[in-house]
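Data block below; observations after.
Note on naming: letters A, B, ... go to the chains in the order of the sequence lines (proteins, then strands), and numbering restarts at 1 for each one.
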Amino acid sequence: MIKQIEGSQAVAEAVALCRPEVICAYPISPQTHIVEGLGALVKSGELVPCEFLNVESEFAAMSVAIGSSAAGARTYTATASQGLLFMVEAVYNASGLGLPIVMTVANRAIGAPINIWNDHSDSMSQRDCGWIQLFAESNQEALDLHIQAFKLAEEMSMPVMVCMDGFILTHAYEQVDMPEQAQVDAFLPPYEPRQVLDPADPVSIGAMVGPEAFMEVRYLAHAKQTMALDRIPEIADEFKEVFGRDAGGLVRGYRIDDAETIVVALGSVVGTLEETIDTLRAEGVKIGVLSIRCFRPFPMAAVRAALARTARVVVLEKSFSVGLGGIVSTDVRLAMVRIHVRGYTVVAGLGGRPITQDSLLRVLRLAVADELKNLTFLDLDWDIVNRHLAREAASRHTGPLPEALLRDIGASAPRNR
Amino acid sequence: MTQPIKFYQTGTFTVGNRLLPEDKRTVQSSIARDNSLNSGHRACQGCGEALGARYAVDAAMRATEGQLIAANATGCLEVFSTPYPETSWQLPWIHSLFGNAAAVGSGIAAALKVKAAKAGLPEAVTRVIAQGGDGGTTDIGFGCLSGMFERNDDVLYICYDNEGYMNTGVQRSSATPPAARTATTQPLGPEPGAEFGKGKNVPLIAVAHEIPYVATATVADLHDLEAKVEKAMSLRGARYLHVFVPCPLGWGAASCDTIRLARLARETGLFPVFEAEDGEITAVTKIRRPVPVDEYLRLQKRYAHLFGAKGHPETIARIQAMADKNIKRFGLLDVEGAA
Ligand SMILES: Cc1ncc(C[n+]2csc(CCOP(=O)(O)OP(=O)(O)O)c2C)c(N)n1
Ligand code: SF4
Ligand SMILES: [Mg+2]
């Protein structure tokens, strides 16, 4: 059914169609509307039987999810940013235990300075945690990916994180095609756990493992993610058969076949990039976009194949490893080993800074001319940065850094000391 | 170590199982016991936690006719019972993390509730316990515990209180009593051992949550412990049981003194044994003859710095004052004015 609804509501309805049995969550912007929507569906009796737990922290949310999943219930939670970091110990535990929990991450920056707006720092901080990480380009894809995520997670006995850009997607009203319950039921079989807490057949889950087998346990997690590389495109095909549209998969290229320059990106910015690419194509620039839809497992072969014949790769990412540079870029470079292409990293949109077509056109033109710096921060105001560095060199007592920057650019407020 | 053998009656049930009517016998006296925490685990000799868990879990198994799932926090109980591929647990058991046993329990209970609803049952048949040490309960797991209480999730949480982080080598927790030596409250300086005026009383905090049932117990009175587990399992909602479990290794006590120490903790008044329902204290185990605290303290090397030529009698007096306060506050004395 075609609906004009908020991204969060679309995800809530899609999750409800998957018949989750336990939902637990702790509120954090921009995830709130998703769990509010689900809470309402449970409370109204539209989604029954389902237990909705309002927990006291994200650490508890993931811990409740661990318990309910281990007891054999289809389990869902959602978080973002600080909340994802607050639950990290349990996030690793869930994947270590092999529990197929599905979690939405409504991508948001990580503080300090506290910032509620979108970037990918939260999900990227968990790229090594053993969860499958899928990134949605649009609200339609976000809701479709959730339906695929339960199937994938439960087949692989592995948790799946569906990452969707906070506010940009979660709070955007867009037209979506909401599946029918019968379609979802046809696509997603009931959950049959590989291990379950059951008095009829008692098992011990989560006991200690020493050096004699720990490496093998870890390796098998990797082996399973590698297997997921095969299953993810198959599941996307199965999805297409039932729902009649493309969603998910590992990567998606746009105008890359003859492209001499390929921009690699994740999430909603891909849409903006496609329009930018159309503009550049109209000028005769041979350029395309590669959207990474599955970041973990990292689709090394698919990325390599897509980039093999291009001359230049620009990774545009909303995340950043302090002291190194790009995070996505590091993985993309690994996929490009011994392919002789020029590589650029553009860090963009941190803390919600808008990524405009004008700015993209500017950096991409520089890239095409090979005049771009290897590591570029899109729309970074060097004057502000340099003035602050000068202040720090001149005085020991420069105070809280963000305050100094904001005063410098004239955001006025009375001094409180 | 040799020990003088004494025959004396400490409580109503010391006469042994043989002479008791069937229904008064401990779970362990029956060959039909579940042995949920089976033999072969690696606890120290005389471990109070192993004893407490064995009785508590088997009592819960009996109460639920074996329809029980356990969530366990990191700590001695988890480590000594389960390095893979071995496990002492003969019931479905999950260890997730140090600080989340209560929340994992909540999650299991939620799953069971949905499964019951799908099966057309009014409530879950399979029940849940969550368990951990004092550190996993009163410190790092406190947020999850309070959340589980506040939501009144159908979980019995059992805290095995050995008054310190034993698994990591005997460090202070918020259940470590004043003056006790731990690896992080050294017997040095003018106020040796753990400081006075710190720590928290989690059983009373549990009572303040007004949950259906809160009780304390010790491994000195296993019938009482079992009865409280059974009572707890007869109720729905959040329940809390705080069991005093001496730790020979951490306390510097003889393995054979575990039961004696647990008994003395109660008889001095240092560990009040009580029950509460819906926020009201409903019963206390009376002390027939209050024992001076130094009889209890003397048996433990963690208090050794309080005794001897360079001892701290004034500190012992402060501990005695704590015991006296408990006796008054909880009305622990059997005969009025017999203090
Ligand atoms: C997050 C985290 N912090 C610290 C530890 C280390 N740790 C494991 S067990 C333990 C002590 C357990 O103490 P307690 O809960 O009182 O149980 P006991 O061993 O005394 O029975 C500690 C500190 C851990 N496993 N996880
Ligand atoms: S250290 Fe203490 S709690 Fe741990 S096994 Fe030994 S006696 Fe038991
Ligand atoms: Mg302890």
Side-chain angles (χ1 to χ4, degrees), chain A residues 19-24 26 48-75 77 86-87 89-90 92-94 96-97 99 101 190-191 193 195-210 212-214 217, chain B residues 36 61 64-72 74 78-79 81-119 124-128 130 141 143-148 150-151 153 155:
Chain A
R19 303 186 188 275
E21 295 170 298
V22 175
I23 298 170
C24 42
Y26 189 83
V48 282
C50 178
E51 280 292 295
F52 186 94
L53 279 83
N54 284 303
V55 291
E56 74 285 352
S57 73
E58 287 86 358
F59 177 68
M62 187 46 66
S63 301
V64 164
I66 287 168
S68 74
S69 185
R74 182 170 288 165
T75 305
T77 186
F86 200 80
M87 62 164 71
E89 195 193 10
Y92 273 73
N93 192 253
L97 292 173
L99 298 173
I101 298 159
Y191 171 36
Q195 54 179 353
V196 65
L197 295 166
D198 180 2
D201 183 15
V203 287
S204 292
I205 297 179
M208 183 175 268
V209 173
E212 57 288 353
F214 193 83
V217 173
Chain B
S36 310
M61 284 288 271
T64 58
E65 294 175 358
Q67 298 303 300
L68 190 68
I69 296 175
N72 211 124
T74 314
E78 167 259 332
V79 170
S81 63
T82 60
Y84 274 137
E86 293 164 12
T87 178
S88 289
W89 298 104
Q90 307 211 75
L91 80 168
W93 178 93
I94 182 168
H95 162 249
S96 171
L97 296 168
F98 187 21
N100 70 357
V104 173
S106 293
I108 299 169
L112 294 171
K113 198 170 165 189
V114 175
K115 301 281 174 203
K118 286 192 166 172
V125 176
T126 303
R127 309 292 301 279
V128 186
C144 287
L145 183 71
S146 177
M148 185 277 274
E150 163 277 312
R151 291 186 303 269
D153 292 334
V155 177

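- B:Tyr84 contributes a side-chain N or O that, together with a main-chain N or O of A:Gly206, makes up a donor-acceptor pair within less than 3.5 Å.
- Taken to the nearest 0.5 Å, the SG atom of A:Cys24 stands 11.0 Å off from the CD atom of A:Glu58.
- Atom CD of A:Glu212 has more than 12 heavy atoms from other residues, nucleotides or ligands within 6.0 Å.
- Contact of A:Val55 with chain B is made through backbone and side chain together, with heavy-atom distances under 4.5 Å.
- Contact annotation for A:Asp201: neither backbone nor side-chain heavy atoms come within less than 4.5 Å of a heavy atom of chain B.
- With a 4.5 Å cut-off on non-hydrogen atoms, B:Ser96 touches chain A through its backbone and its side chain both.
- For the pair B:Ile94 and B:Ile108, the minimum side-chain heavy-atom distance is below 4.5 Å.
- With contacts defined as side-chain heavy-atom distances shorter than 4.5 Å, the pair A:Glu56/B:Cys144 qualifies.
- Your options are A:Ala213, A:Ser57, A:Ser204, A:Ser69, and the one with the most heavy-atom pairs under 4.5 Å with chain B is A:Ser204.
- For chain A, the option among B:Leu91, B:Thr64, B:Leu97, B:Asn72 with the highest count of heavy-atom pairs below 4.5 Å is B:Leu97.
- Using a 4.5 Å cut-off between heavy atoms, B:Val79 touches chain A through its side chain atoms alone.
- Side chain of B:Ser81 to main chain of B:Glu78: a donor-acceptor pair is present (N/O by atom type, distance under 3.5 Å, no hydrogens or angles).
- For a residue to count as touching a neighbouring chain, one of its non-hydrogen atoms must lie under 4.5 Å from one of that chain's; by this rule A:Ala94 does not touch chain B.
- Contact tally against chain A (heavy-atom pairs below 4.5 Å) for B:Thr74, B:Asp153, B:Thr82: the top residue is B:Thr82.
- For A:Leu97, the part lying under 4.5 angstrom from a heavy atom of chain B is the side chain only.
- Contacts of B:Gln90 with chain A are made by backbone atoms alone, with heavy-atom separations under 4.5 Å and no side-chain atom involved.
- Contact annotation for B:Ala110: both backbone and side-chain heavy atoms come within less than 4.5 Å of a heavy atom of chain A.
- For a residue to count as touching a neighbouring chain, one of its non-hydrogen atoms must lie under 4.5 Å from one of that chain's; by this rule B:Leu68 touches chain A with the backbone only.
- The closest donor-acceptor contact from the side chain of A:Ser68 to the backbone of B:Ala111 lies at 3.5 Å or more, if one exists at all.
- Using modelled atom types, no side-chain atom of B:Lys115 and backbone atom of A:Ala71 make a donor-acceptor pair closer than 3.5 Å.
- Looking at A:Ala65, there are no atoms closer than 4.5 Å to chain B (heavy atoms on both sides), in backbone or side chain.
- Contacts with chain B were tallied for A:Val48, A:Asp198, A:Val209; A:Asp198 has the most, counting heavy-atom pairs under 4.5 Å.
- Within a 6.0 Å sphere centred on OH of A:Tyr191, heavy atoms belonging to other residues, nucleotides or ligands number more than 12.
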